[in-house]
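Working notes for the structure below.
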Amino acid sequence: MATVKPKPAAKTERSTWLLTAPALVLLTVAATGPLFIMLIYSFLEPGQYGNVVWKFSTKAWFNVILQRDIFDGTLTWADAHLTILWRSVKLAMTTTVFAVLVGFPTAWFIATRTPRMRLFMLFLITIPFWTNLLIRTFAINQIIRNEGVLNSFLLWIGVIDAPIQIIYSDFAVFLGMTYVYLPLMVLPLYAAIDRFDMRLLEAAYDLYANRWQALRRVVLPIVKPGLIAGSILVFIPALGAYVTPRILGGGRNMMIGNFIDLQFGQGRNWPLGAALSVILLIFVTSMLILYVRFVNRSTDNG
Amino acid sequence: MADRAFQVARLPGFNTIAIMVFVMLYLPIGLLVLFSFNAGPSVAIWEGFSLQWYPKAWGNEQVRDATIRSLIIASSAALISTTLATMAALGTTRRKRSPGQTMIYVMINQPLMVPEIVTAVALLIFFASIKVATGYQGLGYLIAAHSAFCIPFAYLPIRARLEGMDLTLETAAADLYATPWQTFRHVTLPLLMPGIIAGMMLAFITSLDDVVISLFVKSAGQETLPTYMLGQIRRNITVEVNAISTLLLGLTVIMLTVFFLLTRKQD
Amino acid sequence: MKRLLSTAALLLASTSFAFAEGELQLFNWGDYTNPELLKKFEDETGIKVTLTDYDSNDTALAKVEAGGGGYDLVVPSANYVQIYVTKGLIQELDLSRLPNHANIAPEWMEVPWDPGRHYTVPWQWGSVGMAVNSDAFSGDINTSAIFLDPPEELVGKVNVHPEMNDVLSLALMYVGGEACTEDTEMLKKARDKLLEAKPKWQSMDYGMTTKLATNDVMASSYWNGAVFRARLQNDKVQFGYPKEGFPLWMDSVALLSDATNVDEAYQFLNFIMEPENAALISAFARYANGISGSDPFMPEDMSDAPEILIPQEFKAAGKFLPTCSAKAQEYYTAIWTELLK
């Protein structure tokens, strides 16, 4: 692959800032900047009916890590927070893996059509997402519920004698989550695969590489940026998801998303909600940096 | 050539998986469309064919306005975020890794990293103070907020496209005394197009689906389709919603058809 | 009285000359306002009502408190009215401008959250009870045991709606306590009961109108009007009023302190206290209103619906949820977190 022509470092640095400035300004005004309000709020006291009281307090941060039992007053680790976070991380990871497994072949399939077909199929992938998340999830529910389309069909063709319980299982949640987040994986993968020169693959075969070797040595390095982008776009939003797990999984356990929601809503503890989200932000940021470094390093060496 | 590439590019099982994915994607959507023609009030119990929900949905002014508003916001947000993200991707890709680069990378992806409710409450407080101070309550706030959180969705696919893109053509253009703008316009941009299209599509559907941030940022009379539908989470999902969704799907199909007829002429 | 009459005359005059273009910003729960009601109001007064939705009391409160939203009227639940009053977010009503104020049913006039109705006007009220499919269980359904001690037939088939205040209040009343209590003995009992019952639940989700109608869920704690809608699609669905105690709720319309369309707001408030118009409100969301004389205008299927009319024997068990103290709220959240972690 071609390498960047050496340019004077200062000039590159300046053009970087010039080109990214508009995006950074908008983000500062309408996303990242206001979050500093949350950082401040995490050091205040909760108001009686939501909101905050302007009095300095580290109680929220204390409560993130430790909890005082409401009945006997003993101090224990706030393990509920960890349990909930871990549940969400597990879900997000599984969703990402599922999404890669079905998303990669789909993106590959699309990228190897004629240019007009490619665009058509890209639209085909995104059109279902013109309908609202809630409505989409509910439609999945209609399919997999006990008296739903799938069970009725299986009963009708005689594969099963009694409806199989899919709804309210982990499988239902993974299925639904993969469905919901699939375009976030397919589109970046497509963008990366599409520029792949198929002659490289041909050359690999000519050199008697088997499919697996060809995939690993030739294809993977080139789709890597798409894979990174897709994984980030699926993993992080999936971490905060809770509507889909509730409708398809039954919602008997909280996700980190609705736990933080609770603090800003009926729980009326904005500072705790703020502190929890600052922690989450740090956690996800460090994971992101580690992940990108890891992927870069492992393929640089490979 | 195209045929050969197609042959070589075939990987075992991939076509099957891809076709199954398309079927799976459209199965729930098909059901949703089917039930929009339900004579009864349920999205699950079929009571015969009827078109009654369409005039009902369209006759509901709140629904109609919300649909149009959502489309305006999503298109504006997709355009703005994709433009900014393209610039940012050009500014951050194919350069030496540096702490500054990492920082920018993290900042651009930041909207992904906190649950929506947190950004929503922060924006509520920040924008409300501006609303009170300036008296301006227009759609600008929603468009700004949507454009901001759509940036990573547009940025990542474009970056994935740009990363490791073959530079020989650009260098050649520069050697032929093309100005940087000419090089960008005639060489880089066309090469980048699939990434830009992918990014813009993602930004569009992300904006179109947003609930929580819209709920907290909107002023009086700024209902969007998802915030309208939110009421039905607790109460009851009505067939009216299926009818709106079907209308939206119909709209995309029409747009697609027009697009195809137009491009065919060009061929 | 004279003043009242003259105001009425004035209002009448203003309604007949319905050309005075005006607008009104109503901030209400989603899927809760009959479009026909707004249309009728517009036809009569020429005032265009714009409706904006919210999904919870907390969202509405946070938004109103932040300010700058441009809303005129809001519809908080009973246990939030005093919060709005304390924070100065809603203004006291000039009752002389509301001739129909007299139409408020006596039992909805002297309410604890707004004695004499100086701040709010009734919108709709209802209860939280047990929906049970009679095919699955034919025993006594007028008890919270349906979800707290599920009978054999319902184990693994019960849904609990994920509303912290409703669920904890039901559990507290079931073990003999009161909603919003700070009595740790009672709280402990309620918590243990909930933790013990949880493995027997199928799910904790909304959307039960559909799921009850399609037999996907055989029992659930839920709102009466939604269960009523389910019963219209599936006559096996019945509604039980827990005799141990069940929450009542009422949403009332209040005029915001920073409202800009005050005159229009008064006209609207007066308009919705007209029995015929109150019945229009009920016809849409399927809950009772608080206006006397609206019964003759109600949809036929509602006038004798057991979900809407609380039987005499259970009336005393229905309790309005008070505004919990900060301490009680902290207990609630801690128990809820333990239950759902």
Side-chain angles (χ1 to χ4, degrees), chain A residues 1-2 4 12 15-16 19-20 22-24 26-27 30-32 34-35 37-38 102 105-106 108-109 112 116 123 126-135 138-140 142-143 187-188 190-192 194-195 198 201-202 225-226 229 232-233 236-237 240 257 260-261 264 277 280-281 284-285, chain B residues 5-6 8-9 14-15 17-18 21 25 27-29 31-32 44 84 87-88 90-91 94-95 104 106 110-115 117-118 121-123 125-126 144-145 147-149 151 156-157 160-161 163-164 166-168 194-195 198 201-202 205 209 226 229 233 237 241 245 248-249 252 256:
Chain A
M1 269 187 285
V4 187
T12 322
S15 72
T16 297
L19 283 166
T20 48
L24 294 183
L26 180 64
L27 284 167
T32 316
L35 279 180
I37 300 176
M38 283 296 128
V102 296
T106 311
W108 186 270
F109 180 79
T112 49
R116 259 162 60 98
F123 271 110
T126 42
I127 284 175
F129 299 85
W130 279 58
T131 53
N132 182 271
L133 168 73
L134 172 75
I135 311 302
F138 209 80
I140 301 174
Q142 296 302 84
I143 294 200
L187 285 146
Y190 160 78
D194 179 73
R195 61 143 205 264
M198 290 303 164
L201 202 56
E202 206 175 329
I232 293 171
L233 281 176
I236 308 180
I260 292 178
D261 238 25
F264 285 101
S277 27
L280 190 65
L281 180 64
V284 177
T285 307
Chain B
F6 178 69
V8 174
F14 273 29
N15 290 8
I17 296 178
V21 163
L25 275 182
L27 209 60
I29 299 303
L31 203 66
L32 189 144
L84 299 189
M87 289 167 67
L90 286 168
R94 304 187 291 182
R95 280 156 207 264
I104 293 173
V106 167
Q110 182 279 322
L112 292 171
M113 294 184 216
V114 286
I117 179 76
V118 182
V121 173
L123 284 178
I125 293 158
F126 181 58
S147 304
F149 73 69
I151 286 178
L156 286 169
R161 172 82 189 177
E163 229 163 70
D166 197 338
L167 276 190
T168 30
M201 282 176 159
L202 274 191
I205 58 173
D209 220 11
M229 291 181 182
I233 293 189
I237 296 176
V241 169
S245 306
L248 269 180
L249 292 174
T252 52
L256 259 188

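Naming convention: chains lettered A, B, ... in sequence-line order (proteins, then strands); numbering from 1 in each chain.
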- chain A interface, residue from B:Gly195, B:Ala44, B:Ser147 that has the most non-hydrogen pairs under 4.5 Å: B:Ala44
- Spacing of A:Ile140 atom CD1 and B:Leu31 atom CG [to the nearest 0.5 Å]: 11.0 Å
- Show your working on side chain to side chain contact (heavy atoms under 4.5 Å, CB included) between A:Leu35 and B:Phe126 and close with a plain yes or no. CA-CA 9 Å; A:Leu35 279 180; B:Phe126 181 58; over 6 Å; no
- For the pair A:Thr16 (side chain) and B:Gly91 (backbone), establish whether a donor and an acceptor sit closer than 3.5 Å, ignoring hydrogens and angles. yes
- Comparing A:Leu24, A:Leu133, A:Leu27 against chain B, the one with the most heavy-atom pairs below 4.5 Å turns out to be A:Leu27
- Item | Atom of B:Leu32, atom of B:Ser245 and distance for their closest heavy-atom approach | CD2-CB, 3.6 Å
- Item | B:Val118, part contacting chain A, at a heavy-atom distance under 4.5 Å | both
- Side chain / backbone / both / neither for A:Phe138 at chain B, heavy atoms under 4.5 Å: side chain
- Message: Can you tell me which portion of B:Leu123 sits under 4.5 Å from chain A's heavy atoms? Options are side chain, backbone, both or neither.
- Response: both
- Message: Taking every non-hydrogen pair under 4.5 Å, which of A:Ala192, A:Pro34, A:Ala31, A:Pro22 racks up the most with chain B?
- Response: A:Pro34
- Under 4.5 Å from a heavy atom of chain A, the part of B:Leu90 involved: both
- Item | Best-contacting candidate, A:Val102, A:Ile260, A:Thr32, against chain B by heavy atom pairs under 4.5 angstrom | A:Thr32
- A:Met38 and B:Ala122: which non-hydrogen atoms are nearest, and at how many Å? CE-N, 3.8 Å
- Item | Proximity breakdown for B:Val21 and chain A, heavy-atom pairs closer than 4.5 Å | side chain
- Kindly indicate, with the supporting measurements, whether the criterion side chain to side chain contact (heavy atoms under 4.5 Å, CB included) is fulfilled by A:Leu233 and B:Leu112. CA-CA 8 Å; A:Leu233 281 176; B:Leu112 292 171; 4.1 Å; yes
- Message: If I measure from the heavy atoms of chain B, does A:Phe264 come under 4.5 Å with its side chain, its backbone, both, or neither?
- Response: side chain
- Should A:Leu187 and A:Thr126 be marked as a side chain to side chain contact (heavy atoms under 4.5 Å, CB included) after you check the CA-CA gap, both sets of side-chain angles, and the distance that decides it? CA-CA 9 Å; A:Leu187 285 146; A:Thr126 42; 3.7 Å; yes
- Message: If I take atom CD1 from residue B:Ile29 and atom CZ from residue A:Phe129, how far apart are they, to the nearest 0.5 angstrom?
- Response: 7.5 Å
- By a 4.5 Å heavy-atom criterion (distance strictly below it), what part of B:Pro111 contacts chain A: side chain, backbone, both, or neither? side chain
- Residue among B:Leu84, B:Leu248, B:Leu27 with most heavy-atom pairs under 4.5 Å to chain A: B:Leu84
- Task: Determine whether B:Leu249 and A:Ile127 make a side-chain contact, defined as any pair of heavy atoms from C-beta on separated by less than 4.5 Å.
- Result: yes
- Query: Which answer fits A:Leu26, side chain, backbone, both or neither, if we ask what part of it has an atom under 4.5 Å from a heavy atom of chain B?
  - Reply: both
